[in-house]
Amino acid sequence: MSVITVNEAITQALAEEMRRDPSVLMFGEGVATKRANLVAEFGAARVRNTPLAEGIIAGTAAGAAASGLRPIVDLLFAPFLCFAMDEIVNSAGKLRYLSGGQFKFPMVVLAMTGAGWTVGAQHNHNLEAWFVHSPGLKVVMPSSAADFKGLLKAAIRDDNPVLFFMDLALGYQAGEVPEGEHLVPLGHAATLREGRDVTLVSYAKTALHCVAAADALAQQGISAEVLDLRSLKPLDEAAILASVRKTGRVLVVHEASRLCGVGAEVAALVAEHAFAALKAPVRRLTGPDVPAPSSWPLEQAFVPQAEGIAAAGRALVEQREYA
Amino acid sequence: MSVITVNEAITQALAEEMRRDPSVLMFGEGVATKRANLVAEFGAARVRNTPLAEGIIAGTAAGAAASGLRPIVDLLFAPFLCFAMDEIVNSAGKLRYLSGGQFKFPMVVLAMTGAGWTVGAQHNHNLEAWFVHSPGLKVVMPSSAADFKGLLKAAIRDDNPVLFFMDLALGYQAGEVPEGEHLVPLGHAATLREGRDVTLVSYAKTALHCVAAADALAQQGISAEVLDLRSLKPLDEAAILASVRKTGRVLVVHEASRLCGVGAEVAALVAEHAFAALKAPVRRLTGPDVPAPSSWPLEQAFVPQAEGIAAAGRALVEQREYA
Amino acid sequence: MQPTPHDPSPLALLETMMLIRAYEEAVAGIAAGGSAPGTCTSVGQEAAAVGVVRALAHEDRILTNHRSAGHLLARGADPGRLLAEVLGKRTGYCKGKSGSLHISAAELGVVLTSTIVGGELSLAPGVALARTMTPGDEGIVATFFGDGAACEGVFHESLNLAVVWKLPILYVCENNEWQAFVHRRETMPMAHVRDWAASHGLIAETVDGNDVAAVHAAASRLAARIRETGEPAFLETLTYRTRGHYEPDDQAYVDPGELAAWRARDPIELLANRLRLAGTLDDLRLAQIRARVLAAIDEAAAFANASPYPELSELVTDVYA
Amino acid sequence: MQPTPHDPSPLALLETMMLIRAYEEAVAGIAAGGSAPGTCTSVGQEAAAVGVVRALAHEDRILTNHRSAGHLLARGADPGRLLAEVLGKRTGYCKGKSGSLHISAAELGVVLTSTIVGGELSLAPGVALARTMTPGDEGIVATFFGDGAACEGVFHESLNLAVVWKLPILYVCENNEWQAFVHRRETMPMAHVRDWAASHGLIAETVDGNDVAAVHAAASRLAARIRETGEPAFLETLTYRTRGHYEPDDQAYVDPGELAAWRARDPIELLANRLRLAGTLDDLRLAQIRARVLAAIDEAAAFANASPYPELSELVTDVYA
Ligand SMILES: Cc1ncc(C[n+]2csc(CCOP(=O)(O)OP(=O)(O)O)c2C)c(N)n1
Ligand SMILES: Cc1ncc(C[n+]2csc(CCOP(=O)(O)OP(=O)(O)O)c2C)c(N)n1
Ligand SMILES: [Mg+2]
Ligand SMILES: [Mg+2]
């Protein structure tokens with residue numbers, strides 16, 4: 001085990017996979033400038049700056065992926081994906097199917113999002129649910145350095161388009177990462193805390209807020225299980241259902257807005273397939289359905305925090321209505 | 001009452017609102033060509049063809065809306081919205097908030113989607129949930145000629161960006177429309193059938209499939225209530241909860257894919273706020289999580305049909321597990 | 001039955017154009033009967049397609065769009081499998097999942113067809129990039145798109161990246177004066193897309209798109225140059241869509257005079273007359289060719305009609321690799 | 001305290017440029033202290049901003065982007081309310097919801113600021129369209145964007161629509177040689193965006209963006225022409241971003257020689273020296289101006305710091321009209 005930051009974990013994953021497979025390359029606005037270490041080791045052909053044009057960056061990745069390369073593109077911030085939706089959704093997500101399976105699209109799209117930098121809704125918009133809703137794509141959004149490394153390596157090896165979202169508040173967070181080859185397969189949730197009374201389901205930074213909430217609840221004699229989804233598509237339905245069947249209560253937490261979010265999917269899944277086990281209503285605690293504000297106190301209020309999560313979890317266990 | 005098709009209802013709504021308010025204008029690829037009647041009555045300045053570029057069409061609508069006009073843009077087919085996501089989501093949806101309320105965006109974006117024309121996933125992709133998930137937008141998707149007319153008129157008068165999705169299978173469907181001024185406010189579901197045993201919640205063409213299913217269920221002695229959401233954002237949560245509190249069972253049906261779809265939101269809402277009333281698990285019946293195929297039999301298999309809905313509704317009432 | 005893809009003899013070009021015309025008319029007939037709605041035919045544009053495709057080498061790749069039958073047939077596609085795809089049959093090039101609008105045939109080097117206008121333009125640089133990074137891969141990439149696609153911003157993004165990254169792409173703009181139901185004149189200040197393309201600093205030419213020999217010569221020259229320099233080039237074929245945008249389409253919005261003028265320059269008749277004058281074609285020979293292509297299309301239609309639809313289980317396959 | 005927006009006298013232009021510089025340096029100082037992260041300053045580009053904005057009329061509209069302080073201050077914005085916005089305070093132009101990256105001030109005619117690169121380009125035609133459809137509205141629309149924004153396809157979509165629809169837009173491309181952490185040279189085959197713009201068939205000029213008089217003259221001429229013809233025009237101000245992309249930024253990736261050469265052409269010193277030679281400026285006068293702008297910025301900082309944050313209830317307001 002060594003302790004490294006999330007940003008270092010990402011750098012390790014990129015370097016290890018480029019070393020391992022010459023078909024892996026990376027490009028985007030400032031990629032070569034910001035990743036001089038990769039340029040130095042792998043050369044300018046495999047680590048490129050691009051013109052400022054997300055559409056052609058993503059489209060070029062899709063075309064290259066279908067032609068034998070394994071591109072990784074950095075689109076910087078999630079809202080900029082709005083300029084690349086056709087290439088990601090209509091091309092990378094659909095052309096395998098529409099061609100009857102003639103092509104595959106092994107590519108990774110990196111994007112940062114989430115509160116913490118006070119840059120507002122055009123840099124901070126948690127839109128992972130869009131891609132979960134779209135066919136042919138996979139979606140990952142980790143919370144720990146180890147998972148950033150292991151899931152990014154697995155995403156690069158995946159033969160399908162993977163949206164890899166990075167919660168920017170986590171970049172400098174350090175964590176233990178196993179030495180040597182460390183892969184985390186897509187589609188598996190992680191249990192961050194075992195518990196009996198309520199399951200807190202989350203991902204990205206709010207998964208850590210859930211752990212803090214679970215600690216607070218433990219003080220109050222409530223045993224909360226914390227599930228970190230890690231992969232949003234494929235979603236680890238078995239792990240979610242198993243935990244809820246054990247605890248009988250579920251609170252889904254994320255920063256993204258509520259309507260048609262990942263929390264809606266998890267809540268619906270539970271209400272559909274673990275209904276008999278439910279001792280209380282399914283609950284969601286999410287960011288508000290508003291653009292992300294810049295002002296620091298507003299931005300912090302935007303994010304579900306440990307206190308609120310603990311309070312909601314407690315209300316759930318005590319069967320009280322809770323706004 | 002007069003009986004007209006959905007397409008005629010749309011044309012009436014457009015003409016009436018342009019007649020009523022000189023700030024209403026419409027543009028898009030082929031709009032002037034295909035709507036010669038509007039050009040003749042309102043002139044070339046208010047009914048325009050555009051270059052083939054969805055991004056600038058939507059952006060121009062947003063800029064015009066913030067500057068005193070009430071633009072309606074026809075982006076043709078829903079997947080083409082992928083080229084206009086920045087303008088719709090990052091600009092029209094967020095700039096009111098980011099400016100502290102300095103601007104408003106009274107605009108309507110029209111797009112067709114849905115199975116029925118066998119043109120495949122790049123013309124047929126039910127992505128209304130994306131916009132429900134995005135802040136600052138409203139989303140409408142009607143099922144009857146009367147609602148197409150009344151909701152389109154209300155959407156044009158709304159001071160916010162409204163995504164108006166047209167299920168293409170409904171274009172030539174005729175229905176009764178009240179004479180004279182007919183407005184349907186956004187945010188109100190319609191009860192297409194009263195029932196006691198189970199609530200079928202749907203919208204667009206599958207709402208009609210639910211009515212057919214309700215008829216079939218009636219034959220079998222099962223009384224199904226059919227709720228047509230009509231507006232997906234704002235969502236008529238009160239109507240959904242009231243119906244489920246009455247019937248105790250809910251089946252949500254739509255053609256869009258399941259994960260993070262509108263059905264997930266409805267199911268989560270019910271599990272959260274009508275939990276005590278539920279006599280059975282919440283159920284969803286949706287299109288598969290695959291791109292829409294072209295081949296006719298596959299395209300038909302893609303859409304939840306009356307038989308399947310009736311079978312699922314019956315299983316729900318009989319408390320049987322149902323795949 | 002059909003000429004091999006790379007036989008550039010005038011008679012071979014003529015027969016291929018006639019095959020495309022016969023195929024498209026068959027599709028239009030099917031559509032008139034209510035099947036294959038929304039199919040976009042390339043009637044009137046056969047020379048633009050054949051002239052370029054026949055100038056390409058076997059190892060080259062082609063990206064095309066919604067109006068692709070000419071490109072596919074010129075490349076040697078089986079009209080039976082094309083028609084089967086149009087009808088959504090299991091034997092189609094894409095198992096019936098594509099239908100007419102996004103037919104790819106990797107075995108022919110026709111890849112990543114998108115019916116999103118501009119889709120092929122966003123994908124082409126990646127296909128070319130892969131070739132430049134694959135040792136010993138000498139192929140170039142030809143991407144076909146219309147004047148309308150050039151109005152999408154991604155057209156410029158694609159050309160700019162191809163220039164900056166030196167990608168071996170032949171951009172082929174089929175300017176047929178129409179963008180669905182809007183005339184090109186309503187959407188651009190100038191008559192030719194070439195003016196936009198040239199501003200990106202690559203070789204940009206126009207050619208009479210109804211003269212197959214001229215198109216073939218221009219495309220051959222530019223393709224050779226791309227092989228030599230590794231840099232992109234742009235060729236605009238000036239032609240006309242003499243049928244509707246899709247089938248059926250009454251073309252009520254089309255200026256009859258303009259349509260008649262272009263019909264008078266039908267690319268097939270242009271070549272046939274030239275060959276007649278040159279003495280390499282006579283009525284008998286022409287009748288033989290026509291009989292061959294009609295027989296090929298009849299056979300194709302029979303194959304497509306007799307083919308089964310996909311199993312319903314196919315609905316959920318080919319989503320993930 | 002500041003000059004009125006439309007006083008074009010050289011001293012007024014100088015004082016405004018000095019105000020912008022002082023403001024940006026204050027912001028950089030704040031950012032160095034850890035507040036207002038990600039703020040993009042316009043140091044080195046003051047002449048490009050002031051020269052154009054002062055050429056506009058009161059009724060004209062301005063769209064700008066993430067690097068907007070110069071445009072806003074030249075238009076007469078209150079530096080206190082700007083700084084308050086940068087700090088996320090309730091008294092900011094956008095109630096603190098924008099922060100530094102998308103500051104609009106409708107009262108000044110600065111509308112729809114977007115930090116999405118290219119966002120202003122997609123919105124400008126609609127703002128101009130509304131003006132052409134509003135009887136008696138004579139104003140034109142000036143939209144500011146960078147060389148990087150010109151690489152987004154929407155740049156071409158915007159210019160094409162403005163030309164085809166004859167929209168009164170002055171496109172102002174501030175070519176500062178940088179696109180965040182990428183040099184312009186890596187993203188375009190030519191040195192000037194003008195070449196792309198000209199292909200759209202509108203008047204397209206470049207000007208020395210560090211010479212405020214030259215910028216003011218060019219912008220005045222083009223603005224007059226737009227008023228007269230109703231048609232769009234394009235002006236590229238050739239300048240340089242002498243600080244980092246955002247604050248803080250060590251500029252380790254910047255060629256020191258290039259940076260030094262541009263710093264030697266500092267737009268404020270250029271004008272000051274010229275005015276000294278003309279005898280309209282001396283050290284005393286300059287010191288007075290500097291004192292005024294520093295006092296204005298101190299006052300602004302005091303106001304911003306003393307201002308309260310928004311109430312938490314503001315989190316969910318201003319979403320729908
Ligand atoms: C992004 C997008 N917008 C609109 C359409 C609808 N559409 C299909 S073909 C077409 C016209 C394309 O014109 P052009 O590029 O000139 O090709 P042509 O059809 O003339 O061959 C349009 C508008 C589409 N398929 N994709
Ligand atoms: C669509 C989009 N892509 C990327 C970014 C990140 N970004 C912010 S400013 C910038 C550089 C913009 O360069 P330019 O347009 O030349 O303006 P400048 O910063 O030089 O004034 C980038 C890449 C963004 N804000 N929006
Ligand atoms: Mg065309
Ligand atoms: Mg720049």
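Here the structure is a predicted model, which is why all the values come from computation and not from measurement. Letters go in sequence order (proteins before strands), and every chain restarts at 1. Side chains included, hydrogens not; waters and symmetry mates left out as well; all remaining heavy atoms used.
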### Smallest separation among heavy atoms of Thr50(B) and Trp165(D), with atom names
CG2-CZ2, 3.7 Å
### Summary
The residue among Leu112(D), Leu123(D), Ile116(D) that forms side chain to side chain contact (heavy atoms under 4.5 Å, CB included) with Ser91(B) is Leu123(D)
### Summary
Under 4.5 Å to a heavy atom of chain B? For Glu85(D) that would be neither
### Heavy-atom pairs under 4.5 Å with chain D, option from Pro22(B), Gly136(B), Ala45(B), Ala65(B) with the top count
Gly136(B)
### Task
To the nearest 0.5 angstrom, please state how far the CD atom of Gln102(B) sits from the OG1 atom of Thr113(D).
8.5 Å
### Task
Considering only heavy atoms and a distance below 4.5 Å, find which of Ala124(D), Gly92(D), Ala128(D), Ala130(D) pairs most often with chain B.
Ala130(D)
### Contact origin within Ala66(B) toward chain D - heavy atom pairs under 4.5 Å
side chain
### Summary
Applying a strict 4.5 Å limit to non-hydrogen atoms, the region of Phe83(B) in contact with chain D is neither
### Query
Any idea which of Arg48(B), Lys104(B), Lys138(B) has the most non-hydrogen atom pairs under 4.5 angstrom with chain D?
Arg48(B)
### Query
Atom CG of Leu121(D) and atom CD1 of Ile56(B): how far apart are they, to the nearest 0.5 Å?
7.5 Å
### Task
Measure Leu315(D) against the heavy atoms of chain B and call it side chain, backbone, both or neither at under 4.5 Å.
both
### Message
With rounding to the nearest 0.5 angstrom, report the CE to CG distance, Met133(D) to Leu25(B).
### Response
5.0 Å
### Query
Is a side-chain N or O of Tyr320(D) found less than 3.5 angstrom from the main chain of Leu137(B), in a donor-acceptor match?
yes
### Separation between CG of Leu161(D) and CD1 of Ile57(B), rounded to the nearest 0.5 Å
8.5 Å
### Query
Do the side chain of Lys95(D) and the main chain of Gly100(B) share a donor and acceptor less than 3.5 angstrom apart?
yes
### Query
Under a 4.5 Å heavy-atom cut-off, does chain B meet the side chain of Val111(D), its backbone, both or neither?
both
### Summary
Assert top hit (heavy-atom pairs under 4.5 Å, partner chain B, pool Ser104(D), Pro310(D), Ala106(D)) equals Ser104(D)
### Message
Check whether Asp318(D) reaches the backbone of Arg96(B) with its side chain - one donor and one acceptor, N or O, closer than 3.5 Å.
### Response
no
### Query
chain B: which of Thr134(D), Thr132(D), Leu167(D), Leu129(D) shares the most heavy-atom pairs with it under 4.5 Å?
Leu129(D)
### Query
Say you draw a straight line from CZ of Arg131(D) to CG of Leu69(B); how long is it, rounded to the nearest 0.5 Å?
11.5 Å
### Summary
Bottom line for Thr115(D): the part with an atom under 4.5 Å from chain B's heavy atoms is neither
### Query
Just wondering, more than 12 heavy atoms not from Arg90(D) lying within 6.0 Å of its CZ?
yes
### Task
State which residues pass ring-ring contact (aromatic ring centres under 6.0 Å, His included) with His102(D); sequence neighbours excluded, sorted by chain then number.
none
